[in-house]
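Since the structure comes first, as structure tokens, the remarks are kept for the end.
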Amino acid sequence: MDLNPPRAVREIARRLEDAGYETWAVGGAVRDAILGLPAGDWDLATRARPWEVRRLFRRTIPIGIKHGTVGVLIGGALYEVTTFRRDVETFGRHATVEFADTIEEDLSRRDFTCNALAWHPLTGELRDPYLGLQDLQAGRLRTVGEPAERFAEDYLRVLRALRFAGHFELAIDPATWSALVAATPNLPRLSAERIREELWKIFTKTPRASRALSLYAASGALAVLIPELDRTVGVGSGLDAQGAGEGGRAAGMPSDVRRTASAPVHGALDGPPLDAWTRSLLAVDALPTTRPLLRMAALLHAVGMPAARTRDLRGGWRYTGHEAQGARIAEDIMRRLRSSNADTARVRRLVAHQSDFFPPDAPPAGVRRWLRDIGVDLVYDLFRLRFALCRAGGGGAGSADLVARWRKMHRILLEHPVLDTSGLAIDGRDLKALGLEPGPRFGEILRALVDAVIEDPTLNTRESLLEWVRREVGE
């Protein structure tokens with residue numbers, strides 16, 4: 001079997017083997033190459049100890065010498081070479097390991113059978129002691145060894161199982177599933193950073209992320225880690241959707257906006273009305289993996305609905321103001337996941353403004369005011385989010401209106417409108433030259449000028465603005 005690795009993989013293996021150290025390619029690259037998928041980073045496992053690896057290669061980086069990992073630089077690329085290991089003790093997330101002498105010992109400590117594969121770069125031999133290839137062919141995810149013991153060794157494996165099953169479209173083996181569900185109450189023992197990292201891998205690597213995220217809900221992991229999201233399950237079915245439909249193919253749209261507006265979404269709208277959770281999942285699927293923050297905002301867009309739910313006069317449910325409540329909850333979730341301040345603020349703003357759109361018949365001045373209030377940095381992602389929510393809801397009568405709004409907004413942005421004081425033709429020095437006293441009043445005057453220019457962009461000349469100040473402010 002030839003998995004066609006980078007030439008450096010064979011070069012590293014040959015040098016180690018020539019020195020007497022058995023060496024195998026292991027990890028996700030082997031699994032993906034067997035599946036015919038693009039392989040990511042190639043890792044190697046060897047009988048050589050870290051100091052022996054460093055002796056054999058001129059350019060190395062001590063990535064994790066304590067755990068047996070050395071980075072070997074070949075042609076500008078870094079390859080991780082790790083000494084065979086075996087577990088001595090495990091503590092739910094931390095393990096005491098020692099170096100081993102065989103690849104079989106190393107594979108025995110892997111999490112799932114599909115990851116317990118080793119391929120020899122020189123001979124092409126595949127070692128598969130736990131029948132991982134058979135499981136992959138059967139579309140099955142199964143732990144190496146006893147499932148309960150494997151999850152107890154490292155509770156992150158619960159989230160990895162959900163991610164792998166969703167990404168590779170695998171059914172989780174019944175015994176593995178039962179042990180996984182039983183282990184979910186222990187997930188809070190994981191660091192927030194590791195939980196966020198697993199979510200981000202779903203957002204950035206899996207186009208149809210709804211598969212893995214649905215498993216979060218089904219297993220109880222969602223209720224444990226993000227209970228605010230779990231409460232959206234079953235809420236809000238029958239919501240009307242503003243949408244893009246076929247009109248989303250509008251000429252001039254950035255390509256990813258156009259794809260979001262028009263691409264088909266799995267599972268949308270051939271059946272009963274969608275609840276908030278399902279619509280969130282489908283909206284995530286409608287967004288590209290290159291925009292994980294936007295996918296997170298789509299996932300959280302309805303998180304305020306349970307708290308905002310009230311009865312209307314006909315006995316149904318209404319969710320007035322759920323966006324504002326959702327923005328606060330989304331911020332709490334992002335902070336709990338230890339996200340950066342910038343990422344937290346952007347997700348909060350997207351959730352808060354998800355429904356804040358000017359009407360299709362708004363005059364240009366109204367669109368400019370909207371751009372000022374929302375922020376130019378947010379508007380394209382806001383439309384991407386709205387198009388995704390539309391696709392999740394199946395489009396509808398509002399599709400043409402949404403596309404019309406996008407076109408109008410885009411035309412006005414191309415005119416480079418003045419939306420803040422930095423774009424004015426005068427500044428504080430000009431006000432001072434008019435004899436006005438510097439102070440807080442300067443800011444008020446400049447903001448009033450921005451309002452005037454938003455209404456009439458032709459006013460933004462030095463002469464017109466100074467005349468406006470003389471007339472409106474005077475001395």
Side-chain angles (χ1 to χ4, degrees), residues 27-29 31-41 112 114-115 136 139-141 159-172 195-219 221-222 226 229 241 243-246 248-249 253-271 274 276-302 337 343 346-347 350 354 380-395:
R31 177 198 62 223
D32 294 348
I34 289 173
L35 290 172
L37 301 173
D41 296 334
F112 307 108
C114 62
N115 295 331
L136 285 173
R140 178 174 55 237
L141 184 75
L159 303 185
R160 284 169 58 83
L162 302 178
R163 174 164 60 86
F164 287 141
H167 183 78
F168 295 108
E169 301 187 9
L170 304 174
I172 300 178
I195 295 168
R196 185 189 69 239
E197 182 181 342
E198 280 298 313
L199 278 173
W200 244 244
K201 286 179 180 178
I202 294 173
F203 290 146
T204 58
K205 297 180 183 296
T206 306
R208 196 172 175 184
S210 59
R211 287 183 176 274
L213 295 171
S214 295
L215 291 173
Y216 267 66
S219 66
L222 189 68
I226 313 178
L229 256 182
E246 290 302 306
R249 296 185 176 89
M253 283 187 182
S255 59
D256 64 324
V257 179
R258 187 165 61 250
R259 284 194 297 272
T260 300
S262 61
V265 179
H266 297 282
L269 254 202
D270 285 328
L274 302 178
W277 169 245
T278 304
R279 191 175 181 214
S280 299
L281 294 182
L282 295 176
V284 172
D285 285 353
L287 291 162
T289 57
T290 54
R291 296 185 178 274
L293 278 180
L294 196 51
R295 298 187 104 190
M296 184 64 166
L299 186 66
L300 298 178
H301 90 277
L337 293 173
D343 288 354
R346 190 162 189 85
V347 170
L350 285 166
Q354 61 181 283
Y380 283 108
D381 269 359
L382 196 58
F383 269 98
R384 291 181 180 102
L385 175 60
R386 199 69 216 174
F387 279 127
L389 292 172
C390 159
R391 297 301 304 167

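Of the inter-residue distances, the one linking R295 atom CZ with T289 atom OG1 reads 6.5 Å to the nearest 0.5 angstrom. Here the CD-CD1 distance, from E197 to I195, works out to 11.0 Å after rounding to the nearest 0.5 Å. D381 CG to L350 CG: the interatomic distance, rounded to the nearest 0.5 Å, is 6.0 Å. For the atom pair T206 OG1 and E169 CD, the distance stands at 10.0 Å (nearest 0.5 Å). Between L37 atom CG and F168 atom CZ the span is 6.0 Å, to the nearest 0.5 Å. Atoms CG and NE2, on D32 and H167 in that order, are 6.5 Å from each other to the nearest 0.5 Å.
Residues A39 and A29 approach most closely at CB-O, 3.7 Å, considering heavy atoms. Nearest approach of I172 to A165, heavy atoms of both residues: CG1-CB, 3.7 Å. Closest non-hydrogen pair, A212 versus L162, comes out as CB-O, 3.5 Å. The nearest pair of heavy atoms linking A388 to A283 is CB-O, 3.6 Å.
Counting only heavy atoms from C-beta outward, the side chains of L293 and W200 approach each other to under 4.5 Å. Within the 4.5 Å cutoff, the side chain of L389 has heavy atoms near those of the H301 side chain. Two residues are said to be in side-chain contact when any heavy atoms from C-beta on lie closer than 4.5 Å; F112 and R31 fail this criterion. In this structure the side chain of L199 reaches within 4.5 angstrom of the side chain of Y216, judged on heavy atoms. Counting heavy atoms from C-beta on, the side chains of L281 and L299 come closer than 4.5 Å. Counting heavy atoms from C-beta on, the side chains of C114 and L141 come closer than 4.5 Å.
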>> Run the side-chain contact (heavy atoms from CB on, under 4.5 Å) test on L282 and R391 for me, step by step, so that the C-alpha distance in whole Å, both residues' side-chain angles and the decisive distance to 0.1 Å come before the verdict.
In response: CA-CA 8 Å; L282 295 176; R391 297 301 304 167; over 6 Å; no
> Run the salt bridge (charged side-chain N to carboxylate O under 4.0 Å, His left out) check on R346 and D343 step by step: do they pass?
Replying inline: CA-CA 5 Å; R346 190 162 189 85; D343 288 354; over 6 Å; no
> Does the side-chain contact (heavy atoms from CB on, under 4.5 Å) test come out yes or no for F203 and L287, once each step is laid out?
Replying inline: CA-CA 9 Å; F203 290 146; L287 291 162; over 6 Å; no
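Just one residue in the list L213, L215, I202 forms a side-chain contact (heavy atoms from CB on, under 4.5 Å) with R163, and that residue is I202.
Proximity of a side-chain donor or acceptor of R196 to a complementary backbone N or O of L337 within less than 3.5 Å is detected.
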